[in-house]
Each structure stands twice: as C-alpha cells, then as structure tokens.
Enquirer: 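Sharing a structure with you now.
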Amino acid sequence: MDMRDTDRALVQAATAVAKLRCRSQHHTVASAARNADGRVFTGVNVQHATGGVCAELVVIGTAATQGVTELETIVTVADRGREVTAPCDRCVRVLRDYFPALRVIIGPVDDLRVVPLADLETAAGNGTAG
C-alpha cells in the first residue's frame, strides 16, 4: 500500500512523542494511531523490573478512554524516532483481535510502507518489544 500524507503525519506524531517523552530506560518506544475521522492517539511503552506494557497497548487504552473503538492505522517508533518497528507477537495478536482491518506502517525510515495487519502475523516473532 502506498503511504498517504496522513500516514506520514502519523509517523511524525509518533516521532515527536518519542523525542519528547522517551528519554529514560522506562520509556523507549512510542506509538501513534489514527481512527477513520483523523483523530490521532499516542502512547509510550512502560518498562519496569516486574514487566512492561508495549506502546501499542497504551495507545489502545488511550483511544478507549476517549470513546474510540476503531483504529485505522498505527505506527511504532524506537530510538527516539530514528527507527520504525513492527509490533511484537503479543501486540499483533491483540491488535488483530481488536482491529482486524488495521493498517501498520513499517520499514526503514527512508522507505516506509503500509501493510495490512494480517501480513504481519507470519512475520511477527521478531522479539521486538513495543
């Protein structure tokens, strides 16, 4: 799928959050998701000695607190926005259960592409923690 201007803006939103909020070992990854009416929801991961929560799951909760039940596109960035990462196995499963038609932005920063979430199911398992 081709990248739309709204997809590029979503990457910029996630990158801005990563640069602003991912400054410690507790928060290292940021996600941004957009719903069909264009609202954007962001979140960062939460790392702790007892375990952690991926940024994608934080975004789902953030959207839910604002009454949103459908997301259209999601992107996750690491390394303060210098890297776009695919959701981990667990997040792919959760995202698939909640949003089976979700589009996911992945790839090298200079060659991003949008893929259906279903295409990640076989590629997931990379151990990436979002």
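In this chain, numbering begins with 1 at the start of the sequence shown. Small disclaimer: the values here were computed from a predicted structure and weren't measured.
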Enquirer: Kindly indicate whether the side chain of Thr6, heavy atoms from C-beta on, has any atom under 4.5 Å from the side chain of Arg34.
Expert: yes
Enquirer: Same cluster or not: are Val92 and Val59 linked, directly or through other Ile, Leu, Val, Met, Phe, Trp or Tyr residues, by side-chain heavy atoms under 4.5 angstrom apart?
Expert: yes
Enquirer: Give the minimum heavy-atom separation between Ala13 and Ala32, together with the two atoms involved.
Expert: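 Scanning both residues, the minimum pair turns out to be CB-CB, 4.2 Å.
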Enquirer: Would you please say whether a donor-acceptor pair under 3.5 Å links the side chains of His26 and Ser24?
Expert: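 Not at all, the side chains of His26 and Ser24 share no donor-acceptor pair under 3.5 Å.
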Enquirer: Atom CG in Leu10, atom OG1 in Thr42: separation rounded to 0.5 Å?
Expert: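 Rounded to the nearest 0.5 Å, the CG-OG1 separation comes to 10.0 Å.
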Enquirer: Do Leu112 and Ile74 belong together in a cluster built from hydrophobic side chains that touch within less than 4.5 Å?
Expert: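 Not linked; separate clusters.
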Enquirer: Any non-hydrogen side-chain atom of Pro87 less than 4.5 Å from a side-chain atom of Cys54?
Expert: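 No; the side chains remain at least 4.5 Å from each other.
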Enquirer: How long is the span from the CD atom in Gln66 to the CZ atom in Arg39, to the nearest 0.5 Å?
Expert: 5.5 Å
Enquirer: Treating Ile, Leu, Val, Met, Phe, Trp and Tyr as nodes and any side-chain heavy-atom pair under 4.5 angstrom as an edge, say whether Val109 and Ile105 lie in one connected cluster.
Expert: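 Linked, Val109 and Ile105 end up in one cluster.
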Enquirer: Between Glu56 and Asn45, does the side-chain contact (heavy atoms from CB on, under 4.5 Å) criterion hold? Intermediate values first, please.
Expert: CA-CA 8 Å; Glu56 295 92 340; Asn45 67 326; over 6 Å; no
Enquirer: Determine whether a donor-acceptor pair (N or O, by modelled atom type, separation under 3.5 Å) exists between the side chain of Arg82 and the backbone of Ala78.
Expert: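 No: the side chain of Arg82 does not pair with the backbone of Ala78.
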Enquirer: Between Asp2 and Arg113, is there a side-chain N and carboxylate O pair less than 4.0 Å apart?
Expert: no
Enquirer: Is there a donor in the side chain of Gln47 and an acceptor in the side chain of Thr28, or the other way round, less than 3.5 Å apart?
Expert: no
Enquirer: Do Val29 and Val77 come within less than 4.5 Å of each other through their side chains, counting heavy atoms only?
Expert: no
Enquirer: Supply the atom-to-atom distance Asp89 CG to Leu120 CG, rounded to the nearest 0.5 angstrom.
Expert: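 If we round to the nearest 0.5 Å, Asp89:CG and Leu120:CG are 10.5 Å apart.
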Enquirer: Are any of the side-chain heavy atoms of His27 and Arg21 separated by less than 4.5 Å?
Expert: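 Not in contact.
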Enquirer: Is the shortest heavy-atom distance from the side chain of Pro116 to the side chain of Met1 under 4.5 Å?
Expert: yes
Enquirer: I'd like to know if Glu72 pairs up with Arg4 as an ion pair, taking the criterion as any Lys NZ or Arg NE/NH1/NH2 lying under 4.0 Å from an Asp or Glu carboxylate oxygen.
Expert: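 Looking at Arg4 together with Glu72, the answer is yes, because their closest N to O distance falls below 4.0 Å.
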Enquirer: Got more than 12 heavy atoms from elsewhere within 6.0 Å of CD, Gln25?
Expert: no
Enquirer: Looking at side-chain heavy atoms only, is the closest gap between Leu102 and Arg96 below 4.5 Å?
Expert: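 In short, these two side chains do not touch, never coming nearer than 4.5 Å.
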Enquirer: Check for me, please, whether Val68 and Val58 land in the same ILVMFWY cluster - side-chain distances under 4.5 Å, paths through other members count.
Expert: yes
Enquirer: For Thr76, which of Thr85, Val104, Val84 qualifies under side chain to side chain contact (heavy atoms under 4.5 Å, CB included)?
Expert: Thr85
Enquirer: When rounded to the nearest 0.5 angstrom, what is the spacing between CG in Leu71 and CZ in Phe41?
Expert: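 Rounded to the nearest 0.5 Å, the CG-CZ separation comes to 7.0 Å.
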Enquirer: Just verifying a value: how many Å separate Phe99 CZ and Thr69 OG1, rounded to the nearest 0.5 Å?
Expert: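 Going from the CZ atom of Phe99 to the OG1 atom of Thr69 covers 7.5 Å.
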Enquirer: Would you compute the distance between atom CG of Leu117 and atom OG1 of Thr73 and round it to the nearest 0.5 angstrom?
Expert: 11.0 Å
Enquirer: Measure across Ala14 and Ser31 and return the closest heavy-atom pair with its distance rounded to 0.1 Å.
Expert: CB-C, 4.2 Å
Enquirer: Quick check on the hydrophobic clustering: are Val17 and Val75 connected, directly or via other members, by side-chain heavy-atom contacts under 4.5 Å?
Expert: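 Cluster IDs for Val17 and Val75 differ.
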